[in-house]
Amino acid sequence: MSSAVDAVGNPIPTSAVLMSASKHIDIRCRNENVAYLKCKKDDPNPEKCLQKGQQVTRCVLSLLKDLHQRCNKEMDAYAGCMYYNTNEFEMCRNEQKDFEKACPY
């Protein structure tokens, strides 16, 4: 895994990237996620919650772009470790520590 972004600079939300950013996503996109889950709970019709789902996606992609701009090297190292170790957090604690130090919540 060479980079967490494509040639244009847009984040590539692979499972390793999403797992690496999960704590940041929890904090920054919490309101959007809660609204989406509430919508899904209140109405099982998938069409009713499309807008809420799009808001979650926009929030996460915006966050990933921001993280990549602020701490590119640390994010790529952490996501690369997660990719190599099939998303096993225990195998990437050093990279996680460096990433969270460079990009605090």
Checking Gln55 against Arg58 for the side-chain hydrogen bond (donor to acceptor under 3.5 Å, both in side chains) test, could you report, in this order, the C-alpha distance in whole Å, the side-chain angles of both residues, the deciding distance, and whether it holds? CA-CA 5 Å; Gln55 290 171 354; Arg58 273 194 299 276; 5.8 Å; no

Taking all atoms of both residues into account, what is the closest heavy-atom pair of [X] and [Y], and its distance?
| X | Y | value |
| --- | --- | --- |
| Tyr105 | Lys23 | OH-CD, 2.8 Å |
| Ala79 | Ala16 | O-CB, 3.5 Å |
| Glu74 | Phe99 | CB-CA, 3.7 Å |
| Leu64 | Leu18 | CD1-CD2, 4.2 Å |
| Glu32 | Val56 | O-CG2, 3.4 Å |

Nearest 0.5 Å, what's the SG-CE distance between Cys81 and Met91? 7.5 Å

Measuring from Tyr36:OH to Leu50:CG, what's the distance to the nearest 0.5 Å?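 Result: 8.0 Å between the selected atoms.
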
For the residue pair [X] and [Y], establish whether any side-chain heavy-atom pair is separated by less than 4.5 Å.
| X | Y | value |
| --- | --- | --- |
| Asn33 | Asp26 | no |
| Thr14 | Met82 | no |
| Asn87 | Ser15 | yes |
| Ile25 | Leu63 | yes |

Tell me which one of Arg70, Gln69, His68 satisfies side-chain hydrogen bond (donor to acceptor under 3.5 Å, both in side chains) with Asp66.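 The option that passes is Arg70.
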
Ignoring hydrogens and geometry, is there a side-chain-to-backbone donor-acceptor pair from His24 to Cys103 under 3.5 Å? yes

Crowding at CZ, Phe89 (>12 non-hydrogen neighbours, <6.0 Å): yes

Are more than 12 heavy atoms from other residues, nucleotides or ligands located less than 6.0 Å from atom NZ of Lys52? no

Result of checking Thr57, Leu61, Val60 against Pro13 for side-chain contact (heavy atoms from CB on, under 4.5 Å):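 For Pro13, the side-chain contact (heavy atoms from CB on, under 4.5 Å) test succeeds with only one of Thr57, Leu61, Val60, which is Leu61.
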
